[in-house]
**Student:** 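Before we start, here is the structure in question, set down as structure tokens.
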Amino acid sequence: MRFSPAGDPGTPDARSATRYLVWLAGRHPFIFGSGLALGVIWMLAQALVPAVLGRAVEAGLAQRDPDALVRWSLALLGLGLVQAVAGILRHRCAVHNWLGAAYRTVQVTVDATNRLGAALPRRVAAGEVVSIGTADIEHIGGAIDITARGVGSVVGIVTVAVILLSASQPLGLVVVFGVPLLMALVALLIRPLHRQQAAYRDSTGRLTARAADIVSGLRVLRGVGGEPVLSERYRQRSQALRADGLRVARVESLLQAAQILLPGVFVVLVTWLGARFALRGEITAGELVSFYGYTAFLVSPLRNLTEAADKLTRGHVAARRVVRLLRLAPEFTDPANPVPVPAGPGELADVRSGLVLRPGRLTALATATPQDAVEIADRLGRYADGDVTLHGVPLRDLALATVRERILVADNDAQLFSGVLRTELDPHDRAGPGAVEAALAAASATDIVEALPGGLDGEVAERGREFSGGQRQRLRLARALVADPETLILVEPTSAVDAHTEARIAERLGPARRGRTTLVCTTSPLVLGHADHVVFVEDGKVVAEGRHEELLAGEPRYAATVSREEDR
């Protein structure tokens, strides 16, 4: 079930964050409700212990009644058992609620990133998503976890106030007015804490994003001598984050001190008043014991309430970050009434550039400007809006899942993930061993598998960092060939490999894709020479097409573009 926050995308408000926390609590209503009920029972059992203890002193000891002492002692034992059982079950429910809220947040976050798809890197920094999956889920889980103890503490305080009012109005009024006053003092710290935590969370996301950028580009940074510069910038951001953390810690330390000092002052006040009343004979010895027990008991619920204020504040800040991500809408959505498209290969045409891909043909696209090739590939794969048709049907009228199933765009921004190489190449486990091996051979990547311990069953590290740039490119090409889509669009698939490897790939690519529609965006003469058809684009428009040799002889602009590639 998906959470749908109301409001404008990218501008979450306090109500949206609150609604998200309520939505999480409602995912497991029985467990959440049971936790609240057990929290109340657990706290009530503690609240009644002083009353029973006072009756035992008054009726059993003061009046020397052994039977009454036994009865009240058994009642005290019963309250202890109820408290123990309710406390254990409440804690179990609380842990369940914590884990449920945390991992439900992971689920909706992953769902949101999947919906955003290729737009995710352009809309959200990597550090933002990482911070949600590390810090925010803990705070959100804590906010759901504390509710049982918080509600139980409120009920316990109300119960004690009623008991004290019935026994001594002055002491009862101290509780009735003292507890709200204490919470008001705590609230003075909550607002600056909320603000400082939000600033700290923003700084954490930015620093995590910068760290991810540095790690991913470390090899390039070292190559151009930029490592000291980026290191110094990271150090400056890290010190800024440290300063934000110290500001948060300063307010939190005051809040932690208030959790001990304010309830302690309250206990001293009630105990002092109770002792004075006992000396004046206004209350009995048993009532004095009960009053002292009440004041000692109130320390726990008051600390629970201040802890609840802290955790709910943290959870609210984290929930606002999650809601901000959930509110991001994907660039493309399914039309209201998707149009069916005929089965089988069909012409894929880009109206803006004039490019037409004939079914079952290996077409090469050479452009004077590399950006033109990227823009055309994005339009053909519906990663950018444009007038593109498949079988004469506009792509914008098709269901997005249909487009993704029939058209695959493979560029050099694709990543390798950690895990078994066989699963990396065939994540859906649809291709047989022969298909995977054929794809590896076509991508000239067999040697990579042979050198990897375990072969196809070997482990790939994160982002395939154990492979060189050319090896990663060949593995990405093999993965695209294993997918075997109806239309495959490859963007510079051989830009990072040597000439001999490129020649083998160019020779094998056509036979590997026989009967399928393939577009290769490249200016490499080795690949262009093996294409069935070559299209040359300048200023975003098709200006010439034909065989590679024909264009070299008859189109000077094409020859100039290709010769620059040969000169490299």
Side-chain angles (χ1 to χ4, degrees), residues 12-25 32 35-36 39-40 42-43 46-47 90-91 93-95 97-98 101-102 105 135-161 175-201 244-267 269 295 297-323:
D13 53 21
R15 286 183 300 175
S16 297
T18 303
R19 286 177 56 242
Y20 178 71
L21 293 175
V22 173
W23 178 81
L24 286 176
F32 184 77
L36 294 179
V40 170
W42 172 66
M43 196 58 71
Q46 296 181 61
R90 178 207 56 79
H91 180 70
C93 291
V95 172
N97 290 328
W98 191 100
T105 298
D136 288 342
I137 62 171
E138 179 178 353
H139 297 323
I140 290 172
I144 302 299
D145 163 38
I146 196 62
T147 52
R149 280 186 290 153
V151 171
S153 298
V154 171
V155 173
I157 290 173
V158 171
T159 302
V160 169
V175 176
V176 170
F177 293 106
V179 171
L181 178 61
L182 293 181
M183 299 318 301
L185 293 175
V186 171
L188 295 177
L189 299 174
I190 294 300
R191 185 176 296 274
L193 179 62
H194 198 160
R195 184 171 58 253
Q196 297 297 343
Q197 285 177 342
Y200 180 75
R201 173 61 179 77
D244 290 339
L246 288 175
R247 283 190 285 270
V248 173
R250 191 175 297 116
V251 180
E252 286 185 340
S253 64
L254 292 175
L255 184 62
Q256 293 292 332
Q259 290 181 0
I260 298 174
L261 177 62
L262 295 179
V265 171
F266 187 75
V267 168
L269 176 61
T295 55
F297 159 76
L298 286 174
V299 172
S300 175
L302 288 174
R303 292 194 66 177
N304 284 338
L305 289 181
T306 53
E307 182 184 354
D310 181 25
K311 287 190 173 182
L312 288 173
T313 298
R314 291 172 178 268
H316 199 270
V317 171
R320 293 185 70 175
R321 310 295 300 193
V322 174
V323 170

**Student:** Side chains of Leu305 and Ile157, heavy atoms from C-beta outward: is any pair under 4.5 Å?
**Tutor:** yes
**Student:** So, for Gly35 and Ala148, which heavy atoms are closest and what is the spacing to 0.1 Å?
**Tutor:** O-CB, 3.3 Å
**Student:** If I compare all heavy atoms of Asn304 with all of Met43, which pair ends up nearest, and what's the gap?
**Tutor:** ND2-CE, 3.5 Å
**Student:** Taking all non-hydrogen atoms of both residues into account, name the closest pair between Tyr20 and Val323 and its distance.
**Tutor:** CB-CG2, 3.8 Å
**Student:** Measure the OG1-CH2 distance between Thr147 and Trp98 for me, rounded to the nearest 0.5 Å.
**Tutor:** 14.0 Å
**Student:** Any side-chain heavy atom of Trp42 sitting closer than 4.5 Å to one from Gln46?
**Tutor:** yes
**Student:** Quick check: closest heavy atoms across Ala47 and Gly156, and the distance to 0.1 Å?
**Tutor:** CB-O, 4.3 Å
**Student:** Could you pull out the closest heavy-atom pair between Ala17 and Arg320, with the gap in Å?
**Tutor:** CB-CG, 3.3 Å
**Student:** What's the shortest heavy-atom distance between Gly315 and Ile140, and which atoms?
**Tutor:** O-CG1, 4.1 Å
**Student:** Quick one: does Ser300's side chain have a donor or acceptor within less than 3.5 Å of a partner on Phe297's backbone?
**Tutor:** no
**Student:** State, yes or no, whether a side-chain contact exists between Ile146 and Glu307 at a heavy-atom distance under 4.5 Å.
**Tutor:** yes
**Student:** Decide side chain to side chain contact (heavy atoms under 4.5 Å, CB included) for Val317 and His139; before the verdict, give the C-alpha distance in whole Å, the side-chain angles of both, and the deciding distance to 0.1 Å.
**Tutor:** CA-CA 9 Å; Val317 171; His139 297 323; over 6 Å; no
**Student:** Give me the one residue out of Leu312, Thr105, Asn97 that meets side-chain contact (heavy atoms from CB on, under 4.5 Å) with Ile144.
**Tutor:** Asn97
**Student:** State, yes or no, whether a side-chain contact exists between Arg149 and Arg90 at a heavy-atom distance under 4.5 Å.
**Tutor:** yes
